[in-house]
Amino acid sequence: MVAPALRDMIPAPKEYVHSTNAVVMVPPVDFKFNAETSADNEFQKKLALTDEQVRQQALLEFNGMVELLRRHGVNVTVMNYEQGKDETPDAVFPNNWFSTSPTGDVYLFPMACENRRREVRTRQLVSSLVAQGFNVLNVQEIGDLKAPQSFLESTGVMIMDHINATIYAALSVRCDRELLQQFADEAGFSDVVFFDTKMASGQAVYHSNVMMAVGEGFAVICDEIIEEFERRRVLSSLQKTKDVVSITEEQMNHFCGNILQLRNDKNEKLIVMSMSAYNAFTKEQKDVLRHHGQLIPIDVSTIETIGGGSVRCMLAENFLPR
């Protein structure tokens with residue numbers, strides 16, 4: 001879907017602002033433990049609750065998060081998302097299937113698990129954005145969305161440093177190197193820093209965004225799970241322009257890496273994270289982060305325990321023009 005005439009009417013951004021004040025969120029209407037994703041997501045855990053109790057608790061956490069973000073001046077688009085004949089237990093994590101750009105592009109990505117591919121509802125996404133006054137000028141698919149042989153789960157696996165046109169990515173089943181480079185070339189990223197990880201279990205981390213986050217002037221990273229020869233390369237790249245906060249694997253397991261820098265309607269910087277992440281950061285680490293934005297802890301304990309993803313996974317950044 002291309003609208004070149006409309007694109008010509010929108011001035012090119014002077015610079016790709018790293019953090020946005022607009023996000024898209026999807027309500028957890030089908031939320032429950034996803035057995036398909038648990039094969040490589042060690043962060044998922046079951047709770048002694050019925051599926052209905054889980055959904056109700058997840059909806060309370062979701063609505064509380066939307067309200068809190070709006071109260072802090074963040075523009076939240078809640079996507080029109082209804083229950084369908086096929087369940088989508090992880091739809092609350094939309095950052096895995098699309099991303100946006102300030103030039104009006106929406107990119108769609110192939111996901112590894114079949115029941116997660118059902119989450120891709122392009123028409124509902126576009127209509128929800130347009131209803132809020134955002135301009136969607138081009139929708140582009142990266143790879144094969146319906147029957148993919150390789151996968152690239154959007155900002156779940158790609159940590160984007162927009163200011164320095166760099167993508168950081170932990171390679172895994174969900175992050176294919178060739179698709180990663182294809183997106184980087186098409187979206188204008190000049191450098192891709194990829195690396196392998198190995199957790200205490202011996203497995204690779206399933207998504208980059210649970211082990212690292214990059215803000216305008218800071219980075220949080222669980223570098224101890226990166227092989228030593230690659231670790232130096234990754235840290236060297238980050239330290240050129242960022243205050244680097246190194247977290248332990250135990251802190252990663254509390255989602256300290258799953259945080260996101262945003263801006264409010266007054267252009268003030270915020271750093272959103274789960275309450276469990278906030279409690280797991282040391283005082284010294286929080287002091288460093290506070291130099292880069294107001295810390296906003298949010299209780300999403302049910303969602304992050306059962307879903308294996310936290311606050312950052314629930315937020316799809318919206319860079320689209322208006």
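Ion pair Glu228/Arg231 not flagged as a salt bridge, since none of the NZ, NE, NH1 or NH2 atoms sits closer than 4.0 Å to an Asp/Glu carboxylate oxygen.
Listed by first and then second residue, the salt bridge (charged side-chain N to carboxylate O under 4.0 Å, His left out) pairs that reach into residues 157-170 are Asp161-Lys242, sequence neighbours excluded. Counting only residues at least two apart or on different chains, the side-chain hydrogen bond (donor to acceptor under 3.5 Å, both in side chains) pairs with a member in residues 182-196 are Gln140-Glu186, Gln181-Asp185, Gln182-Glu186.
Using modelled atom types and a 3.5 Å distance limit, the side chains of Ser274 and Glu304 yield a donor-acceptor pair. At a cut-off of 3.5 Å, with distance as the only test, no side-chain donor of Asn164 or Thr166 sits close to an acceptor on the other residue. Residues Asn95 and Ser154 bring no donor and acceptor atom of their side chains to less than 3.5 Å of each other.
Ring orientation note: the planes of Phe183 and Tyr107 are nearly perpendicular, at an angle over 60° on the 30°/60° scale. Ring geometry for His292 against Phe218 counts as tilted: the plane angle lies between 30° and 60°, on a 0 to 90° scale.
Annotation: Arg290, atom CZ; neighbour count of heavy atoms from other residues, nucleotides and ligands within 6.0 Å is above 12. For Lys198, the NZ atom sits in a loose shell: 12 or fewer heavy atoms of surrounding residues, nucleotides or ligands are nearer than 6.0 Å.
Contact between Val300 and Met65 at its shortest, heavy atoms only, is CG1-SD, 4.1 Å.
In this structure, Arg121 forms a cation-pi arrangement with Tyr81, its terminal cationic atom sitting closer than 6.0 Å to the ring centre and no more than 45° off the ring axis. For the pair Arg322 and Phe134, the cation-pi criterion (under 6.0 Å, within 45° of the ring axis) is fulfilled.
Arg312 places no side-chain N or O within 3.5 Å of a backbone atom of Leu260 that could act as its donor or acceptor partner. Between the side chain of Ser208 and the main chain of Ala170, a donor-acceptor pair closer than 3.5 Å is present.
By the 4.5 Å heavy-atom criterion applied to side chains, Asp105 and Thr100 are not counted as neighbours.
Asn75 contributes atom CG, which lies 6.0 Å from atom CG of Asn21 (distance to the nearest 0.5 angstrom). The structure places CD of Gln261 at 10.0 Å from CD of Glu317, a figure rounded to the nearest 0.5 Å. To the nearest 0.5 angstrom, Ser150 atom OG is 7.5 Å from Glu178 atom CD.
Ile303 and Leu60 fall into different hydrophobic clusters, where Ile, Leu, Val, Met, Phe, Trp and Tyr residues are linked whenever their side-chain heavy atoms come under 4.5 Å apart, directly or through other members. No path of Ile, Leu, Val, Met, Phe, Trp and Tyr side chains, each step under 4.5 Å between heavy atoms, connects Leu59 with Phe93, placing them in separate hydrophobic clusters.
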(request) Tell me, with the steps shown, if Ser128 and Asn80 meet side-chain hydrogen bond (donor to acceptor under 3.5 Å, both in side chains). (result) CA-CA 6 Å; Ser128 296; Asn80 179 21; 5.6 Å; no
